[in-house]
Amino acid sequence: MGQNRTPIAEKAKRVVCSSVRDSVGLSFWDFEDIDIELRQVSDWIQSERASSMGSNNEEKLRFCIDRGGTFTDVYAEIPGRPDGKVFKLLSVDPSNYDDAPVEGIRRILEEYTGKKIPRTSKIPTQNIEWIRMGTTVATNALLERKGERIALCVTKGFRDLLQIGNQARPDIFDLTVSKPSNLYEDVVEVDERVELIHGKGDGNQDSSTYVEGVSGELIRIVKTLNEEALKPLLNDLLQRGIGCLAVVLMHSYTYPQHELALEKLALSMGFKHVSLSSALTPMVRAVPRGLTASVDAYLTPVIKEYLSGFMSKFDESSGKVNVLFMQSDGGLAPESRFSGHKAVLSGPAGGVVGYSQTLFELETTKPLIGFDMGGTSTDVSRYAGSYEQVLETQIAGAIIQAPQLDINTVAAGGGSKLKFQFGAFRVGPESVGAHPGPVCYRKGGELAVTDANLVLGFVIPDFFPSIFGPNEDQPLDIEATRGEFEKLATEINSYRKNQDPSSKPMTIEEIALGFVNVANETMCRPIRQLTEMKGHETKNHALACFGGAGPQHACAIARLLGMKEIFIHRFCGILSAYGMGLADVVEEEQEPYSAVYCSKSVQEVSRREASLLKQVKHKLRSQGFREGSINTETYLNLRYDGTDTAIMVKSQRVDNGVEFDFAAEFEKLFQQEYGFKLQNRNILICDIRVRGVGVTNVLKPRAFEGLSGDPKIEGHYRVYFGNGWQDTPLFKLDNLGFGYIIPGPAIIMNGNSTVIVEPSCKATVTKYGNIKIEIDSTFCTKKVSEKVADVVQLSIFNHQFMGIAEQMGRTLQRTSISTNIKERLDFSCALFGPDGGLVANAPHVPVHLGAMSSTVRWQIDFWGDNLNEGDVLVTNHPCAGGSHLPDITVITPVFDNGKLIFFVASRGHHAEIGGITPGSMPPFSKSIWEEGAAIKAFKLVEKGIFQEEGINKLLQFPSSDEGVIPGTRRLQDNLSDLHAQVAANHRGISLIKELIVQYGLNIVQAYMTYVQLNAEEAVREMLKSVASRVSSNSAKYVEGGSIAIEEEDYMDDGSAIHLKLTIDPHKGEANFDFSGTSPEVYGNWNAPEAVTAAAVIYCLRCMVDVDIPLNQGCLAPVKIYIPPGSFLSPSEKAAIVGGNVLTSQRITDVILTAFQACACSQGCMNNLTFGDDTFGYYETIGGGSGAGPSWHGTSGVQCHMTNTRMTDPEIFEQRYPVLLHTFALRENSGGSGVYKGGDGLVREIEFKQPVVVSILSERRVHAPRGLKGGKDGARGANFLVRKDGRRVYLGGKNTITVKAGEILQILTPGGGGWGCA
C-alpha cells in the first residue's frame, strides 16, 4: 500500500500530522483549523483526479463567454485549432433559443464533434474542460429595476437612511431632482442600538458594559436586539410575498452580532436570502454599506436563478462542468461564491483583463488607457502593471462598496443621438438604443454616431452583417442615412446663412465629420479625468482600443490626447470574452481595524493578516489550487487624521526580513496623488484586506510568424477624412502577418470591427497578431475662421473650455488640504476673457455661479495697468464681488508678449477665516468685522514671488475701525489651500496655452466670445418659450407687448424680497427689478450683489433644458437692478455670512415662483455648527424640494443653491462626541397638491459632553409656499431637549451651551405643493 500512495495522499498525511503536532495547548479556533485541513483531503483527491486549475488539457474545449446586453461573444479554444473560434449571437432571441451562452456552446460542440445536439436535450460535458463567463444579468436587472422583491432592516430611527444618502442632488440643474428609485419595497426598523465609546469611556457609564468590537473600538450595547418584537414584522413581509432582506444596523462593521442574530431568525422563519452589510463590506460608513447590502439582496437571487438554470442545461453524468464567473474586481469566482454586489461590472472587467494581460510589457512598456466604445456608452480604464481598483462606485444609481476595477463610463457611443441646437452640434447623452437604433438599421430610428461613421465610410456595409429590414436579411441603409443628413444640412445651412450670408453650405460629409469630432472630444474628457485626477500625464500613455466602435475613432482620440501609440487587439470585438480566459480566481477577506499606525498596531495588523491569509488560502485550496499556484496580497486602508481621504496601500516584498513600512508607502502615494504631505499628522488604520489569487495560466498570447510578400489588398473604398474623400485600401487582419506595415489612410477589417488608419499614421502587425498604430508627431496648427463661429468648432471649444475648468477643479481638489474643498467639494473654478467675462465655470456649489465674473472685473478696475506677468490676486470681500468671507477667490491674469489675454480663477470655502466664533459662521454677527478677515485686493504672488508675510498678516491680524478682530485659527490650512488654488490656476493657464499653440491666440479669444454668444442665444430662446407659458392670471402685459410679473417673499424677520420680472417675448430678454426689497438688516443675512447674480444665473440655467456652458452669455439678455442700501446690496460694513447660505435660497424661490417653474423648496440650508476649544464641526441639512407642473418634490435633499454632502452617521459618531438618535424624513411636511412637495428631515443629536452649538436657519416663521393651488410646505423648527425632559424652542438662529445628555432636534422645512388637489 505504501508504495502505491499518491503524492496527494502523502500531502494529506503530512497536513494531518503537522496539524496534530502543532495543536498542543491550542484554542477552539485552532482545532477548527485542524478540521478544515482534514476536510481538505477529499478536495485534494478530487483535484488530483481532474486537471489542476493551472494546467491545460489539449483534448478538450475551453469556452470564454461575455453575455452582453445586445450580443453574446464566445471565444472557444478547440483542439487542433491554434487560432481558436470566435462566435457572436444575439443575447436575447427567444424564438430560437432560451439562453445565448448555452446556445453558443451547443453550436460549437456540434461543429467540433460532428454530432447533433438537440436544443431540447442537455449539453454533454465530456468534451468541455472549463467555461468562464461574464454576464450582464445583474447589471440589466439593476438598470431595469427587475430584481428580487426585498425589504430593508435598519436600526430604529434610520428608516430613510438609504433614501437620504449623502443628501446631494445627482444633477444640480434638475428642478425635478430625479433620484434613482429605492431597491427595497418596505423598511423594518429594528429596535436595537450600539454606540461607540470614545477614549476610556463616556460620562459616568459603567465600563463593565463595554465590549471590544472587531475593529478594536470600544462598544456599549445600548439596546439588545429584540427578536420577539421582530417576528411579527418579518412575518408580515413573508405574508406579502417578500422573501429577501437587506440588513444594515448601526456600527455592525465592528459589532456584527445583532445582524447575525437577525439573519438566523429570518432564515428560520423562511426567508430565502439575507444580505448582511457586515458580511459583505465590513467597513465604517452605514450608507454605502447599506446600499451594497440592498444591491446584493436585490440581485443575488436573480443571479442564482440564472446560474441554476444555466447549470441545469448540462448533462453532468460524465463529470461536473467547471464553470467560473467574472467579478467586478477582475477575478473569477465559482458559482457558489458569485453574488450580486460583485457582478455588476462583470463584462467590462473582462475587457480590462483582456487588454492588460495581452498588451502591457508584451507590446509596450507604457501605461495603458483602455478605451471600450460600445453602442450606448464608452468605458475608460487604466493599467500600469496592476489593476486599479476603487472601493466604492455608483452604478445605475446604486452605490456599491466593494473592491472593483476603476472603470469610468461616459454616455457616448455608436448610438448617441446627433442634434443641432442653438447654433451648435450636440452629441448625446441620449442614445437611440438598439431598438429602433440608428437610421441605418431600417427601423425608423434617429441619427446617431453610427450613421455619421457610415456616411464617412468608416463603416463598410459590405463587411457588416445583413441582418436588417423586415426579414432581417438586408444591409445597412446608407440611402436613408444620407437622406436624414440632407434634412439636417438644410437646417444647419439655413442657420449659418443667417449668421453669415457669405458662408458656403456644409456638405453632409462635413456635417457628419463635425459630429464625429464633437463625439471624440466628449469621450476625451473622462480619459483626462481618469489620468489627471491621479497625477498622471495623459500623453504618456498608449491607447488600448477595443469594442465594436472604438477602432473607428482610435486615431482621432489618440491625437486629441497627445498620445503616440494605439494598440488594437486582434480580438478587439470580443476582448471582454477573451479576457475571461486570462483572469485568475480571486478570494478576498477584509475586516475593520481602527487604530493609529504605530509599532503596537503593526503587530496587531500582522496577527489579523495571518488569520485572513489562512481564510483566503483555504477557500482557494478547496477549489483545487495548490500552494504554489496561490499568491496573496495584503492591503491596509490608511488615512491622515482629520481627513476622509483614505488610500488602500498594498504591501510590497521587502528583502532582509525587514517589515514593510505601510506608512511610508502611504505618504508616497498621497504625495503622488495630491501633491503634498501632511506634516505632524497621525496616520490612521481603517481596514485590513487580504486578496488571494489562484493563478490559472490557461490562455496565453500566441506569437505569429512573419509572412513574405506584400500585404494583400482586399479592395478600395472611399473614405472621407478632414481634407475630403480618399480612395482607401482595405485589408483583412486574418491575411496580414507579423511585421507588415500599413501606411495610412487604410482600413483594416478585424472580424466585424473596422479599424481606421488615418492619413499620416502607420499601422504595424505585431508579433502577437495585434495592430499597433503610430500617430504622426508632426503638429499642425488648426485653421479655423475667427470672423464667424463655426458650428462644429463651437461645440468643440465648449467642451474644451469646460474641460479646462474641470481639470482646474480636479487639481484644486487633489492638492487642497481642507475637508470643505477636498471632500465636501465646496469650490468652483473658471476661466474668463480679457474683459473679465465668464467663459466657462465648473461648479459644484450653485451659489458660486457667475459670481466670480464681478470679482474679476472689480480687480481689473482696481489694479488697472498695475498687473504684471507672475502676479496672482486674492480677495474675499463682498464689495469686491465676493459671496461671504470664507469663500476666498484666487485670480491669475495671463499675459502673452506683455498683453493681458485672459484670466483664470478659483474660489474655495475655507473652514476658518477668523471672526468672533470658530468656523467663521457666527449666528449673531452684526457687522462684517465680526466674521473674519476681509480682503478687498492683495497680490498673493507678485512677479512670481509668494507674498507669505503679507497674506499671513491679513489673515492673522485683520484690521478694523471697530476693534480687534480675531484672526484665523488655522493659518497653515489656509496657506495650503491658497497654494492649491494657485496650482489650480496654473493648470488652467497651461491648458489654455496648449489651445493657443493648437489654434492661435486670435481664434481662442474669438471662441471665448462665441461660446458666450451661444449661451446667450440659448437663454433668449428659453425666455421666449417661458413667456408663452406664463399664466395670464399672474402676469400682466405692459407697453411693447412685454409680460410683467411681481412676486414677493419674506425672511423670518419680516424683511421682504420683492421682484418685478419683465419678459420681452419678442427679443427674449428679461429685467429683474428688486425695487421694494427691504433695507439692510441689523443681522447677518444681508446678501452681496454677487449672490443675487448667482441666483439669477442658476435659475436661468435650470430652465434651459440643454447642457449649455455656464458663462457670461447667460446674463447677456438679462438686466438686474438691486436698490442700493437694500439687504441685497448692503454697505461695506454689513454682516453677510448668512446671505450666502440663507438669503440666496429665498431669492431663488422668488425667481422660480415668478417664472412659475416650481413651488418653493425648503428655502434654507439649516447651518449647524458645534464644538469646543479642541474641535469644531459644521454641516448643512437638506429638506424638501418644491413640486412642479409634472413632478412631485423630492424629500430629504439639498436644494437649489447648495449641494454639499452630509457626513455618514457612523463617521459622525466615530469622530465626534455625539449619538445620532434619528435621521429620517419628516413625514407629511411637504405641501399637498396634485403634485406633493418633498418632505423635510428630522435630525436628533445627543451630545455626550458639553459643547457650544450654533444654528443658523430660516423658514421657521414663513412657510415654503405652494403654487397653482398647492399647499405650503411645513415650517422648520429647532428644539433642545433638556436632561429633565423639557423641550425648549430655539428659534431659527441661536447659540447655546449644551450639557452632556441633552438632545438637539432639528426639523427642516418641506417643499411646497403644486396644483389644487
- [ ] Find the distance between CZ (Arg159) and OG1 (Thr1222) and round it off to the nearest 0.5 Å.
- [x] 12.0 Å
- [ ] To the nearest 0.5 Å, tell me how far Asp296 CG sits from Ser339 OG.
- [x] 4.5 Å
TODO: List the steps and the verdict of side-chain contact (heavy atoms from CB on, under 4.5 Å) for Asp661 and Tyr597.
DONE: CA-CA 10 Å; Asp661 190 344; Tyr597 189 93; 3.7 Å; yes
Task: Ring-face cation of Arg1287 near Phe1279 (centre distance under 6.0 Å, axis angle within 45°) - done: yes
Open item on the list: I'd like to know if the side chain of His273 reaches the main chain of Ala297, judged simply by a donor and an acceptor atom lying under 3.5 Å from each other, with no hydrogens or angles considered.
Closed with: no
- [ ] Kindly indicate whether the side chain of Asp186, heavy atoms from C-beta on, has any atom under 4.5 Å from the side chain of Leu152.
- [x] no
Open item on the list: I'd like to check Leu233 versus Asp236 (side-chain heavy atoms, cut-off strictly below 4.5 Å). Are they in contact?
Closed with: no
Task: Presence of salt bridge, Lys342 and Asp329, under 4.0 angstrom - done: no
TODO: Check whether any side-chain heavy atom of Glu212 sits under 4.5 Å from a side-chain heavy atom of Glu217, and report yes or no.
DONE: no
Task: Check: Ala286 main-chain N/O paired with Asp1208 side-chain donor or acceptor under 3.5 Å - done: yes
TODO: Could you tell me whether the side chain of Thr1207 reaches within less than 4.5 Å of the side chain of Tyr1177, counting heavy atoms only?
DONE: yes
Task: Considering all heavy atoms, the nearest Val214-Pro256 contact - done: CG2-CD, 4.0 Å
Open item on the list: Taking Val190's backbone N and O only, do any of them form a donor-acceptor pair with His258's side chain (distance below 3.5 Å, no angle check)?
Closed with: no
Open item on the list: One thing to verify: whether Arg691 and Glu633 come together as a salt bridge, which I'm taking to mean a side-chain N less than 4.0 angstrom from a carboxylate O.
Closed with: yes
TODO: Indicate yes or no: at least one non-hydrogen side-chain atom of Cys153 is less than 4.5 angstrom from one of Leu262.
DONE: yes
Open item on the list: One pair to check against side-chain contact (heavy atoms from CB on, under 4.5 Å): Thr1204 and Gln1198. What are the steps and the verdict?
Closed with: CA-CA 7 Å; Thr1204 54; Gln1198 295 284 26; 3.6 Å; yes
Task: Met283 versus Asn637, closest heavy-atom pair with distance - done: CE-ND2, 3.6 Å
Task: Option from Gln257, Glu259, Glu263, His251 for which side-chain hydrogen bond (donor to acceptor under 3.5 Å, both in side chains) with Ser278 holds - done: Glu259
- [ ] Locate the shortest heavy-atom distance separating Leu1225 from Asp160; write the atom from each residue and the value.
- [x] N-OD2, 2.9 Å
Open item on the list: The test is side-chain hydrogen bond (donor to acceptor under 3.5 Å, both in side chains); show your working for Asn974 and Thr968 and say whether it passes.
Closed with: CA-CA 8 Å; Asn974 294 132; Thr968 179; 2.6 Å; yes
TODO: Kindly say whether Gly1182 contributes a backbone atom to a donor-acceptor pair with the side chain of Gln167 at under 3.5 angstrom?
DONE: yes
Open item on the list: One thing to verify: whether Glu591 and Arg689 come together as a salt bridge, which I'm taking to mean a side-chain N less than 4.0 angstrom from a carboxylate O.
Closed with: no
Task: Gap between atom OG of Ser1257 and atom NZ of Lys1293 - 0.5 Å precision - done: 6.0 Å
Open item on the list: For Glu227, is the CD atom crowded, meaning more than 12 foreign heavy atoms sit under 6.0 Å from it?
Closed with: yes
- [ ] For side-chain contact (heavy atoms from CB on, under 4.5 Å), just list the numbers for Leu162 and Ser294, CA-CA rounded to whole Å, side-chain angles, deciding distance to a tenth of an Å, and then say yes or no.
- [x] CA-CA 9 Å; Leu162 303 191; Ser294 296; 3.5 Å; yes
TODO: For residues Glu1210 and Ser252, report the shortest heavy-atom separation together with the two atoms involved.
DONE: OE2-N, 4.0 Å
Task: N-O pairing of Glu912 and Arg969 below 4.0 Å - done: yes
TODO: Please confirm whether the backbone N or O of Ser651 pairs with a side-chain atom of Thr634, one donor and one acceptor, at under 3.5 Å?
DONE: no
Task: Salt bridge flag under 4.0 Å for residues Arg1282 and Asp1284 - done: no
Open item on the list: Nearest 0.5 angstrom please: Ile683 CD1 to Cys598 SG, how far?
Closed with: 11.5 Å
TODO: Using a strict 4.0 Å threshold on nitrogen-to-oxygen distance, state whether Glu1302 and Lys1283 make a salt bridge.
DONE: no
Open item on the list: Tell me if a side-chain donor or acceptor on Ser816 pairs with a main-chain N or O of Ile821 at a distance below 3.5 Å.
Closed with: no
Open item on the list: With heavy-atom distances below 4.5 Å as the criterion, would you say the side chains of Asp977 and His910 are in contact?
Closed with: yes
Task: Evaluation steps, side-chain contact (heavy atoms from CB on, under 4.5 Å), between Ile1181 and Met1206 - done: CA-CA 7 Å; Ile1181 309 171; Met1206 175 61 80; 4.0 Å; yes
Open item on the list: Under a 3.5 Å distance rule, please check whether Asn226 uses its side chain to pair with a backbone N or O of Glu228 as donor and acceptor.
Closed with: yes
- [ ] State whether the number of non-hydrogen atoms from other residues, nucleotides or ligands found under 6.0 Å of Arg608 atom CZ is greater than 12.
- [x] yes
- [ ] Nearest 0.5 Å please: distance from the CG atom of Leu245 over to the CG atom of Leu276.
- [x] 9.5 Å
Task: Thr155 side-chain N/O to Met250 backbone N/O, donor-acceptor pair under 3.5 Å - done: yes
TODO: Using atom types as modelled and distance alone, determine if a side-chain donor or acceptor of Asp1239 lies under 3.5 Å from a backbone N or O of Ser1229.
DONE: yes
TODO: Write down the atom of Pro288, the atom of Ile399, and the distance for their closest heavy-atom approach.
DONE: CB-CG2, 4.0 Å
TODO: Mark yes or no for whether Thr1180, through its side chain, and Asn1167, through its backbone, hold a donor-acceptor pair below 3.5 Å.
DONE: no
Under 3.5 Å donor-acceptor pairs involving side-chain atoms of residues 1294-1301, not counting sequence neighbours:
residue, atom, partner, partner atom, Å
Asn1294, ND2, Leu1290, O, 2.9
Thr1295, OG1, Ser1254, OG, 3.0

Open item on the list: Do Gln1249 and Asp1172 make a side-chain contact, defined as non-hydrogen atoms from C-beta onward lying under 4.5 Å apart?
Closed with: yes
Task: Aromatic ring proximity, centroids under 6.0 angstrom, Phe158 and Phe1223 - done: no
Task: Atom NZ of Lys156: over 12 foreign heavy atoms under 6.0 Å - done: no
Task: Glu589/Lys619 ion pair, N-O < 4.0 Å - done: yes
- [ ] Please examine the side chains of Ile242 and Glu185, heavy atoms only from C-beta on, and report whether any two atoms are closer than 4.5 Å.
- [x] yes
- [ ] Kindly compute the distance separating OH (Tyr253) from CD (Gln1214), expressed to the nearest 0.5 Å.
- [x] 4.5 Å
Open item on the list: Under a 3.5 Å cutoff, is there a donor and acceptor pairing between the side chains of Ser215 and Tyr255?
Closed with: no
Open item on the list: Distance to the ring centre below 6.0 angstrom and angle to the axis at most 45 degrees; does that hold for Arg1243 and Phe1212?
Closed with: yes
- [ ] Looking only at non-hydrogen atoms, find the nearest pair between Lys179 and Thr1194 and report the distance.
- [x] CD-CG2, 3.8 Å
Open item on the list: Using ring centroids (six-membered ring only for Trp), state whether Tyr640 and Phe666 fall under 6.0 Å.
Closed with: yes
